[in-house]
Amino acid sequence: MTPGSDGSVTLPSDGGKVDRPDGSYNVPGGTIVDPDGTIHLPGGDIVNPDGTVTLPGQDGKTGTGDDGKVKPNGPIIPGDNGSVTLPDGGGTVTTPGGTINVPGGSVVDPDGTVHLPGGNVVNPDGTITLPGQDGKTGTGDDGKVKPNGPTILNPDGSITLPGGGTVQTPGGAIDLPEGTVIDPDGTIHLPNGEIINPDSTIIGKNTKLNTSNKTQNSTLTPLGTPVGIGTSNTTLPKTGDDSVSSAEALVLGFGTLLGVLTLTEVKRRKEN
């Protein structure tokens, strides 16, 4: 341990343990501890005496406009790379992009990037990167969510968009209504019960497909450009929308076509 002229101490390369009134912290080598218990981690994070963590933000300096703040529900776990892991009780993370409640096990980088247990990554600007079907970010099937306001991060790794937003996947861009839930693999659960799979197929909740008038689930594979997906954003109906779903429109279209063909045949026979 190396004492500083200001009363602080710097821990050796193998780190050590810091005991404070709010709990015990196992810290990496190079950590500096002030006389009041403030812990300066090598990556730039500062664990304040009240247990909150100040993040230096993208400029790497605390005390500037892009600082972040972590308020954990218990002592955090410092990482060797400067990140901090939240305890089982989770906590809140505030960045210039807004404030989010995060579950336990979330990892927060010094620049404010939040790595959720399910694989989703909340960026400092508030957008969310989805790992896609391969479960890894930085690959070709990543998705990107731009929420309209705060998001709700669920324990299962999914995210809820109270204010709606847009999602960009390899299949295209979609405008999402309020209350939409998105899984880490990119599966989209709409408030009206429909599900848009990562391969752009749509599962309708109340699609009538048989003559007995029984309602059953069905999977529709869009022809050409997927329903609700295109090179430009497409607005999907919100919860309570009385318009028919894509599946219902398809069934009604076939019914109308059959009716027209029947009337044409009757007319032809009368004329003959």
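Along the sequence shown, residues are numbered consecutively beginning with 1.
- Salt bridge absent: Lys61 and Asp59 never bring a charged side-chain N and a carboxylate O closer than 4.0 Å.
- When side chains are defined from C-beta on, Thr99 does not count as touching Val93, because their heavy atoms never get closer than 4.5 Å.
- Looking only at side-chain heavy atoms (C-beta outward), Val33 and Ser8 stay at 4.5 Å or farther from each other.
- In this structure, a donor-acceptor pair under 3.5 Å is absent between the side chains of Ser158 and Asp183.
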Problem set entry | Residues Leu161, Val145; criterion side-chain contact (heavy atoms from CB on, under 4.5 Å); working and verdict | CA-CA 10 Å; Leu161 306 178; Val145 180; 4.1 Å; yes
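- Proximity of Thr85 to Ile76: side-chain heavy atoms (C-beta onward) are nowhere separated by under 4.5 Å.
- In terms of heavy atoms, Pro150 sits closest to Pro162 at O-CD, 3.3 Å.
- Taking CD1 of Ile32 as the reference point, atom OG1 of Thr10 lies at 4.0 Å (rounded to 0.5 Å).
- Taking both residues in full, the closest heavy atoms of Pro28 and Gly79 are given as CG-O, 3.9 Å, listed atom of the first, atom of the second, then distance.
- Under a cut-off of 6.0 angstrom, the local environment of NZ in Lys69 is crowded, with over 12 non-hydrogen atoms contributed by other residues, nucleotides or ligands.
- Pro131 approaches Asn120 most closely through the heavy-atom pair CD-OD1, 3.3 Å.
- Separation of atoms CD1 (Ile174) and CG (Leu190) is listed at 8.0 Å; rounding is to 0.5 Å.
- In this structure, the separation between CD1 on Ile77 and OH on Tyr25 is 11.0 Å, given to the nearest 0.5 Å.
- Applying the side chain to side chain donor-acceptor pair (under 3.5 Å) rule to Asn148 yields no partners; only residues at least two apart in sequence or on another chain are considered.
- Nearest heavy atom pair, residue Pro191 against residue Gly179, reads CG-C, 3.9 Å.
- Residues Pro124 and Thr95 share a closest heavy-atom pair of O-OG1, 3.3 Å.
- Contact check for Val122 versus Leu153: side-chain heavy atoms found under the 4.5 Å cut-off.
- Counted by atom type alone, Thr137 and Asp142 present zero donor-acceptor pairs between their side chains at under 3.5 Å.
- For the pair Ser24 and Asp19, the minimum side-chain heavy-atom distance is below 4.5 Å.
- A 6.0 Å sphere centred on CG of Asp88 holds no more than 12 heavy atoms belonging to other residues, nucleotides or ligands.
- Cluster membership check: Val167 does not share its hydrophobic cluster with Val121, using side-chain heavy-atom separations under 4.5 Å among Ile, Leu, Val, Met, Phe, Trp and Tyr.
- A distance of 8.0 Å separates CZ of Arg20 from CG of Asp50, quoted to the nearest 0.5 Å.
- What you find for Pro96 and Gly65 is that their closest heavy atoms are CG-O, 4.4 Å.
- When hydrophobic clusters are built by joining Ile, Leu, Val, Met, Phe, Trp and Tyr residues whose side-chain heavy atoms come closer than 4.5 Å, directly or via intermediates, Val9 is grouped together with Val27.
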Problem set entry | Derivation of the side chain to side chain donor-acceptor pair (under 3.5 Å) call for Thr160 and Asn154 | CA-CA 7 Å; Thr160 301; Asn154 305 310; 3.1 Å; yes
List the atom pairs, with distances to 0.1 Å, where a side-chain N or O of residues 37-48 and a protein N or O form a donor-acceptor pair under 3.5 Å, not counting sequence neighbours.
residue	atom	partner	partner atom	Å
Thr38	OG1	Asp36	OD1	2.9
Thr38	OG1	Asp36	OD2	3.3
His40	NE2	Asp34	OD2	2.7
Asn48	ND2	Thr52	O	3.3
Asn48	ND2	Thr52	OG1	3.1
Asn48	ND2	Thr54	OG1	3.1

Show me the side-chain donor-acceptor pairs of residues 100-114 shorter than 3.5 Å, one per line, residues at least two apart or across chains.
residue	atom	partner	partner atom	Å
Ser106	OG	Pro103	O	2.8
Asp109	OD2	His115	NE2	2.7
Asp111	OD1	Thr113	N	3.0
Asp111	OD1	Thr113	OG1	2.9
Asp111	OD2	Thr113	OG1	3.4

